[in-house]
Amino acid sequence: VTAEPGGIAAPPDVSPDEIEPLVRAMSGLLFRIAFRILGNGADAEDAVQNAWIKAMRNWPRVSSLATAEEQCAFMIHIVVKEALQLIRKRYRRRESLGADGKEDPSVLEYVEDYAQIREELRLAWQAIGRLPEGRRAVVVLYTAGYDYGEIAEMLGIRVSTVGSHMYNARKYLRRVLLGASEGKLE
Amino acid sequence: MSNGKSADAADREDILDWMHRQGGQRDERAPEFDVEDTLRLVRAVRGVSAEDADTPNFWNALTPAEQGDLVSAARRRTFPAGAALMHEGERADWVMVILRGRTKVYVEEDGRERVVAERGPGEVVGEHGTPPGGVRNATVVALEPVLALVLTTDDFAVFAGEHPDLPDIVKQQTYDRTTDPDP
């Protein structure tokens with residue numbers, strides 16, 4: 001079911017029998033992942049809900065996946081994307097509050113004490129957001145505290161693939177962060 | 001968790017490894033997840049999408065992809081029957097898209113309610129004649145339990161910016177806020 005470009009959207013035909021068992025079975029895991037990325041229950045719940053709505057809007061793709069594992073990996077990719085978008089939104093809100101504005105308490109509150117690492121974190125999230133999708137999901141799951149084996153299992157890929165994504169991502173991030181700190185010295 | 005050592009260590013340590021440790025620590029703090037609200041949202045989105053497509057409203061003027069992005073840009077709020085979604089005279093810096101439940105829109109005249117509209121699933125409330133920073137010119141009350149998407153004007157501007165091809169009905173209803181709704 002697709003929409004005509006610029007026309008009225010056709011309602012996608014997702015039956016409750018199809019989607020609700022998946023929502024029940026997978027949401028706990030998706031929430032835990034989102035919480036470990038975002039550190040905040042309300043935001044993590046938003047990420048999970050957004051992910052299901054996105055899945056509904058893309059249902060032919062979800063239902064074409066053959067196994068529960070593949071569907072779960074697909075949903076993990078979506079929830080990671082939604083979590084990243086929420087992080088972007090936090091930073092945007094923080095910017096719009098300005099230097100002397102009251103800071104949004106949901107912005108990465110657990111690094112309150114680390115003024116120095118804050119800028120580095122901001123740059124890191126920015127750089128992670130620019131990674132190609134497959135690599136990005138691996139890196140975000142790593143930052144959520146999962147190890148290579150767990151990530152491989154969650155995404156249905158080899159541990160060695162996780163390793164090579166991480167190797168390349170580290171190289172890329174080092175370059176970005178180094179570039180930023182050298183830029184500051186000039 | 002907070003001592004000077006971690007910050008120093010982070011200087012030398014790979015930033016990804018630092019984030020990895022922080023993420024792992026968060027696992028113990030993860031609360032139990034109640035799936036019911038998520039199911040309610042999924043059902044509401046299904047319901048509003050199944051509304052009669054012949055009556056054009058904000059929601060069904062969007063493509064499925066745009067609907068998904070709108071949900072991502074918004075937060076969810078629920079209101080019991082009888083609760084006010086917004087009050088006449090208060091600051092108007094956000095709009096709502098109703099997913100489930102009917103509402104009435106009224107203004108007060110000489111201490112009496114005058115109902116000016118009813119709004120239901122798929123429709124927007126809080127948008128007419130309110131330039132950013134302006135005040136509400138009507139009160140909106142839930143006639144039955146309401147589930148709505150809430151967008152600040154900033155979030156809506158970002159959403160609109162990322163979707164330059166939004167249909168006119170959407171732009172008219174929420175973006176073109178300084179023009180007279182009844183020319």
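Note that the coordinates shown come from a computational prediction; the quantities given were computed from them, not determined experimentally. Atom set for the values below is all heavy atoms of this structure, side chains included, hydrogens, waters and symmetry mates excluded. Quick note on labels: first sequence line is chain A, next is B, and so on, each numbered from 1.
- Contact of E36(B) with chain A is made through the side chain alone, with heavy-atom distances under 4.5 Å.
- A donor and an acceptor atom, one from each side chain of N40(A) and R29(B), are nowhere located under 3.5 Å apart.
- S49(B) and R57(A) share a side-chain donor-acceptor pair at under 3.5 Å.
- Distance NE2/H20(B) to CZ/R36(A): 8.5 Å, rounded to 0.5 Å.
- We find that D46(A) and R76(B) are joined by a salt bridge, their nearest charged nitrogen and carboxylate oxygen being less than 4.0 Å apart.
- L173(A) contributes atom CG, which lies 8.0 Å from atom CE of M19(B) (distance to the nearest 0.5 angstrom).
- Between I15(B) and R174(A), the closest side-chain pair of non-hydrogen atoms is not below 4.5 Å.
- K89(A) has no carboxylate O lying under 4.0 Å from a charged side-chain N of D154(B), or vice versa, which leaves the two without a salt bridge.
- At a 4.5 Å heavy-atom cutoff, the contact between D155(B) and chain A is made by side-chain atoms alone.
- Counting only heavy atoms from C-beta outward, the side chains of L121(A) and W18(B) approach each other to under 4.5 Å.
- For the atom pair CH2 (W52(A)) and CG (L39(B)), the distance works out to 9.5 Å, reported to the nearest 0.5 Å.
- In this structure, W59(A) and P64(B) have side chains that are not in contact, with every pair of non-hydrogen atoms separated by 4.5 Å or more.
- Only the side chain of L177(A) comes within less than 4.5 Å of a heavy atom of chain B; its backbone N, CA, C and O stay farther away.
- No donor-acceptor pair under 3.5 Å is formed between the side chain of R170(A) and the backbone N or O of D14(B).
- No other option in Y142(A), F31(A), Y146(A) has as many heavy-atom pairs under 4.5 Å with chain B as Y142(A).
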